[in-house]
Number of protein chains: 2
Amino acid sequence: MARKRGSHSDITGPKVREAARHLFARHGYAAVSMRQIAAEVGVQAGALYNYTPDKQSLLFDLMEEHLSELLTAFDGTADPSAPPPARLDHFVRHHIGFHMDRADQVFIAYMELRNLEPGNFARVEAMRRAYEDRLEAILQAGVGTGDFSVTDLRVTTMAVIALLTGVTNWYRKGGRLDLAEIEEIYLNLVRKAVAA
Amino acid sequence: MARKRGSHSDITGPKVREAARHLFARHGYAAVSMRQIAAEVGVQAGALYNYTPDKQSLLFDLMEEHLSELLTAFDGTADPSAPPPARLDHFVRHHIGFHMDRADQVFIAYMELRNLEPGNFARVEAMRRAYEDRLEAILQAGVGTGDFSVTDLRVTTMAVIALLTGVTNWYRKGGRLDLAEIEEIYLNLVRKAVAA
DNA sequence: GTCTATAGAGAGATAGAC
DNA sequence: GTCTATCTCTCTATAGAC
């Protein structure tokens with residue numbers, strides 16, 4: 001994927017990734033052919049191999065980029081010294097805001113794990129686990145201060161993430177609710193669910 | 001799929017469905033070949049076509065059966081005249097219990113929607129919506145009696161279902177928690193989340 | 001960097017013997 | 001009802017011209 005002089009690398013490269021993201025999310029990795037991706041980009045299938053060594057790398061790069069951005073964006077705005085309720089609010093707002101406009105990436109990150117080769121799978125799983133641990137640490141801190149009360153720390157962590165990620169199942173741009181309203185709905189649900 | 005005299009229909013038929021369910025869940029519909037299914041059943045690929053007209057029907061039948069069982073099982077045990085909190089408890093217990101041991105079916109029902117032909121997709125979506133409406137009715141009744149308080153009825157419905165279905169993301173048989181403990185954890189979360 | 005052409009493998013589905 | 005054999009199509013990936 002290195003750029004070469006006097007080429008269209010810097011235009012075609014991103015287009016290949018966008019086309020792959022869109023088509024993988026819509027039809028699934030296994031159901032999409034390199035020819036389909038090439039057609040959406042506007043080149044022949046063979047030309048794609050100037051930008052990716054193979055189809056699997058295309059998938060892995062999309063997932064890796066998504067989870068990397070998720071972690072970076074969270075860590076860049078989180079304040080670990082704030083009180084647990086404030087940290088929980090931040091997590092909820094961050095998760096909703098980040099996921100709402102990335103339906104394709106989220107879909108791929110959750111649905112195409114089984115199409116990753118073992119080594120790639122392990123790397124992606126480690127990143128996902130790291131993100132889950134961010135929330136678990138917040139909940140644990142809140143239990144310690146008496147702000148929160150949960151029956152089981154790990155299951156509650158998974159449940160809250162599943163609840164929040166569910167926003168991508170129904171949200172469509174231009175719908176009945178805007179970001180602020182959706183954040184409020186989910187904030188209320190999560191705050192109450194873990195309240196002491 | 002009609003049975004024929006003196007054959008192995010009644011043995012092979014279910015085995016075909018089981019093999020398809022297992023393989024579709026593990027590798028994805030598009031990534032699984034009819035030859036793989038045949039190999040798991042122990043027959044040659046051509047023999048599968050005695051039990052299904054094509055691969056698509058195999059997928060649709062699995063989804064349709066799953067959602068049909070889900071609705072039937074719920075309606076067979078629900079008591080619409082009970083107070084809303086009791087109805088909510090029943091929904092949670094039913095959903096957790098039904099989904100926990102059906103990881104394969106749930107995975108397929110959520111992941112392979114995009115591989116359904118349009119007509120089949122519409123039928124499956126209608127059944128899913130009908131199930132969601134069961135929970136929405138309970139929440140609405142509870143808001144009416146003052147037992148529950150939610151910011152948005154529809155979003156809360158989707159959020160609770162996403163939260164509960166998330167159990168299939170982490171639950172593995174023989175793990176740290178048994179059914180009763182898991183039910184309690186989720187019951188507490190949901191009760192608190194929608195409490196007045 | 002993109003093209004055409006193609007190698008080599010594997011797909012879904014069918015035909016006809018048994 | 002299952003088999004073998006095969007039709008026809010499509011796939012990923014590569015080679016070599018431009």
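Naming convention: chains lettered A, B, ... in sequence-line order (proteins, then strands); numbering from 1 in each chain.
At whole-Å resolution of the value, CD in A:Q56 and C1' in D:dC11 are 16 Å apart. Between the C1' atom of C:dA11 and the CD atom of B:Q36 lies a distance of 11 Å, rounded to the nearest Å. Atom OH of B:Y51 and atom C1' of C:dA13 are 17 Å apart (whole Å). Atom P of nucleotide C:dT2 and atom CG of A:L48 are separated by 9 Å, given to the nearest angstrom. Nucleotide D:dT2 holds its P atom 14 Å from the CE atom of B:M34, rounded to whole Å.
Screening residues 187-196 of chain A for side chain to side chain donor-acceptor pair (under 3.5 Å), with sequence neighbours left out, gives A:D89-A:R191, A:N188-B:T151. Pairs engaging residues 19-28 of chain B under the side chain to side chain donor-acceptor pair (under 3.5 Å) rule: B:H22-B:E40 [sequence neighbours left out].
Shown here are the side chain to side chain contact (heavy atoms under 4.5 Å, CB included) partners of A:L67, two or more places apart in sequence or in another chain: A:L70, A:V124, A:M127. A:A103 is linked by a side chain to side chain contact (heavy atoms under 4.5 Å, CB included) to nothing, counting only residues two or more places apart in sequence or in another chain. Shown here are the side-chain hydrogen bond (donor to acceptor under 3.5 Å, both in side chains) partners of A:R128, two or more places apart in sequence or in another chain: A:E125. With sequence neighbours excluded, the residues that form a side chain to side chain contact (heavy atoms under 4.5 Å, CB included) with B:L179 are B:I96, B:M100, B:E183. Under the side-chain hydrogen bond (donor to acceptor under 3.5 Å, both in side chains) criterion, A:D178 pairs with no residue, sequence neighbours left out. The side chain to side chain contact (heavy atoms under 4.5 Å, CB included) check on B:A73 picks up B:H94, B:F98, with sequence neighbours excluded.
Heavy atoms of B:V32 sit under 4.0 angstrom from primed sugar atoms or phosphate atoms, though from no base atom.
Under 4.0 angstrom from either OP1 or OP2 of D:dT2 there lies no side-chain N or O belonging to B:Y49. For the pair A:S33 and D:dC11, the criterion of a side-chain N or O lying under 4.0 Å from OP1 or OP2 is met.
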All N/O pairs under 3.5 Å across the protein-nucleotides 16-18 of chain D interface:
none

Grab the N/O contacts between the protein and nucleotides 3-8 of chain C below 3.5 Å, and write none if there aren't any.
unit_1, atom_1, unit_2, atom_2, d
C:dC3, OP2, A:Q44, N, 2.5

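Checked against the 6.0 Å centroid threshold, A:F24 and A:F107 do not count as a close aromatic pair.
Ring geometry for B:Y131 against B:H95 counts as parallel: the plane angle stays under 30°, on a 0 to 90° scale with 60° as the upper cut.
Near DNA chain C, meaning a heavy atom under 4.0 Å away, there are no residues from residues 18-31 of chain A.
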Just list the side-chain donor-acceptor pairs under 3.5 Å for residues 168-175 of chain B, sequence neighbours left out, or say none.
unit_1, atom_1, unit_2, atom_2, d
B:T168, OG1, B:T165, O, 2.9
B:W170, NE1, B:Y186, OH, 3.0

